[in-house]
Protein chains: 2
Amino acid sequence: MAGRPREFDRDQALEKAMLAFWARGYEGTSMANLVDALGIASARIYAAFGSKEALFREAVALYESGQGGFAERAMQQEGTVRVAIERVFTDAIETYTQADHPQGCLVVSAAASGALESDQVIAWLASHRRQRTQSIIDLLAAAKQRGELKPETDVAALGDFYAALLHGVSVQARDGIGAERLRAMLVPAMTALDAALATSDPAAGSASTSKE
Amino acid sequence: MAGRPREFDRDQALEKAMLAFWARGYEGTSMANLVDALGIASARIYAAFGSKEALFREAVALYESGQGGFAERAMQQEGTVRVAIERVFTDAIETYTQADHPQGCLVVSAAASGALESDQVIAWLASHRRQRTQSIIDLLAAAKQRGELKPETDVAALGDFYAALLHGVSVQARDGIGAERLRAMLVPAMTALDAALATSDPAAGSASTSKE
DNA sequence: CCAATTGTTTGTCGATCGACAAAGAATAGG
DNA sequence: CCTATTCTTTGTCGATCGACAAACAATTGG
């Protein structure tokens with residue numbers, strides 16, 4: 001394959017774009033913003049990524065394979081549902097409040113409103129969030145099948161509950177609620193799962209209040 | 001007071017603007033959109049409301065005095081915290097999923113991202129959401145003072161928990177999760193409060209699954 | 001009836017939006 | 001070295017952004 005070699009690192013540029021979208025959302029990030037953030041002319045961005053929308057989709061994919069993938073990773077680990085769900089939220093809080101990148105979740109923050117042109121982007125983001133809800137429900141359903149949860153447990157309701165809470169945590173984090181407060185919030189949040197555990201072990205585990 | 005009388009109803013125009021902002025957010029709603037929605041020329045909008053931002057702030061005030069004020073109203077009613085909190089959420093779900101206006105909460109949806117110009121609008125919306133969190137904490141603190149909640153209850157954590165859940169419900173509603181699913185979610189959601197109730201009454205109340 | 005006041009109409013302003021076209025520069029294969 | 005291919009540079013396109021200015025119309029107080 002011939003041709004002049006690219007002078008900038010495509011992966012680095014993509015990560016910068018991801019951070020820009022994370023901070024300002026899809027529509028809130030203009031091409032001029034991206035030119036500033038990536039440090040390259042707009043024509044080079046189009047040559048490398050196709051369009052603003054294509055760049056955004058790649059940025060979301062990068063986010064979900066990195067910082068945004070905490071939920072998937074936590075749920076695929078071995079262990080009880082109790083540990084898994086609590087891990088999802090402690091990781092969420094850590095990710096959503098870290099200072100070296102924007103607060104909250106890219107997929108939650110970037111959506112919100114929908115202008116005429118970007119309706120499909122909004123819908124695409126919504127489907128991502130719905131997928132995350134489904135993943136949580138699947139986790140709980142598997143736990144129920146294993147006998148970890150009471151047979152009468154409504155895993156769909158419980159999953160919807162934790163998905164809603166997760167999305168709400170993103171909003172709270174972006175509004176400046178700190179990690180300590182969000183972590184304290186986990187104590188009441190886990191009572192819902194504890195009530196559904198098959199083991200009658202009272203207060204099987206309490207939300208970690210460690211480190212710091 | 002002399003002068004030519006206004007030919008359009010200012011209140012009706014404001015409501016139409018509120019619905020437009022609710023559907024598309026602040027930045028997502030252009031002046032052209034408002035011209036279409038209100039049915040009057042842009043110069044008349046500026047004459048009547050001052051600017052797009054001033055119109056938006058009036059629209060939010062209208063929202064909070066109407067559909068968006070359910071939480072304040074529910075919390076100011078007489079009754080137990082249990083009833084009040086459950087009422088906040090049943091009203092939220094009803095409001096957020098009604099078909100005669102956009103889904104979700106205007107204050108949650110309109111924010112999300114923040115462009116350069118509208119940073120102050122974003123911050124203003126964030127302060128509104130933080131205020132809502134505080135209101136819930138205040139409600140719980142008063143209930144604790146009345147002896148409704150166990151003395152050791154962390155009302156801040158519990159309030160943060162329900163505020164996060166409330167904001168998450170707005171996201172879920174906007175993503176198309178229906179009222180039935182959201183209402184089912186209330187059952188696990190209320191276990192957190194039940195665990196903090198001073199009365200050892202087991203399952204003092206279950207989430208209403210009535211009407212429809 | 002007149003002047004002051006206020007709403008309405010029409011047109012447009014500069015800035016910014018996302019998106020390329022065209023031309024020059026750098027590489028690989030032949 | 002030459003050609004095909006790819007990237008970079010520069011400039012700009014039409015559309016849309018929020019926001020008025022100026023001229024005209026309608027009303028009230030004097």
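Below, read A as the first sequence line, B as the second, and so on, with proteins coming before strands; counting in each chain starts at 1.
- Protein atom CG of L55(A) is 14 Å distant from nucleotide atom P of dC20(C), rounded to whole Å.
- Atoms CD1 (I40(B)) and C1' (dT6(C)) sit 15 Å apart, rounded to a whole Å.
- Rounded to an integer number of Å, the gap from CZ of F49(B) to P of dG18(D) is 16 Å.
- Although no hydrogens or angles enter the test, the distance criterion places no donor-acceptor pair under 3.5 Å between the side chain of K52(B) and the main chain of L34(B).
- The side-chain hydrogen bond (donor to acceptor under 3.5 Å, both in side chains) check on E58(B) picks up R10(B), with sequence neighbours excluded.
- The side-chain hydrogen bond (donor to acceptor under 3.5 Å, both in side chains) check on R146(A) picks up E148(A), with sequence neighbours excluded.
- Between the CZ atom of R24(B) and the C1' atom of dC17(D) there is a distance of 15 Å, rounded to whole Å.
- Contact check, Y46(B) against dC20(D): no side-chain N or O comes under 4.0 Å of OP1 or OP2.
- Applying the ring-ring contact (aromatic ring centres under 6.0 Å, His included) criterion to F89(A), with sequence neighbours excluded, gives Y162(A).
- For N33(B) and dG18(D), the CG to C1' distance is 12 Å, given to the nearest whole Å.
- As rounded to whole Å, 9 Å separates atom P of dG18(D) from atom CD of E27(B).
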May I have the list of side-chain donor-acceptor pairs in residues 41-49 of chain B shorter than 3.5 Å, sequence neighbours left out?
none

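- In this structure, the CG atom of D9(B) is 15 Å from the C1' atom of dG7(C), given to the nearest Å.
- For dT16(D), the OP1/OP2 oxygens have no side-chain nitrogen or oxygen of S30(B) closer than 4.0 Å.
- Looking at heavy-atom distances under 4.0 Å, A48(A) makes no contact with the nucleic acid at all.
- There is no side-chain donor-acceptor pair under 3.5 Å between H101(A) and Q67(A).
- Residues satisfying the side-chain hydrogen bond (donor to acceptor under 3.5 Å, both in side chains) test with Q134(A), not counting sequence neighbours, are D138(A).
- In this structure, the CG atom of D36(B) is 12 Å from the P atom of dG18(D), given to the nearest Å.
- Recorded end-axis angle for the helix from dC1(C)-dG30(D) to dG30(C)-dC1(D) stands at 0°, based on five pairs per end and rounded to 10 degrees.
- The side-chain hydrogen bond (donor to acceptor under 3.5 Å, both in side chains) test applied to S30(B) returns N33(B), not counting sequence neighbours.
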Set out, line by line, the N/O atom pairs under 3.5 Å between protein and nucleotides 8-15 of chain D.
{"unit_1": "dT8(D)", "atom_1": "OP1", "unit_2": "E7(A)", "atom_2": "N", "d": "2.6"}
{"unit_1": "dT8(D)", "atom_1": "OP1", "unit_2": "R44(A)", "atom_2": "NH2", "d": "2.8"}
{"unit_1": "dT8(D)", "atom_1": "O5'", "unit_2": "R44(A)", "atom_2": "NE", "d": "3.4"}
{"unit_1": "dT9(D)", "atom_1": "OP2", "unit_2": "R44(A)", "atom_2": "NH1", "d": "2.7"}

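- Applying the salt bridge (charged side-chain N to carboxylate O under 4.0 Å, His left out) test to every pair with at least one member in residues 154-168 of chain A, sequence neighbours left out, gives these pairs: D160(A)-R181(B).
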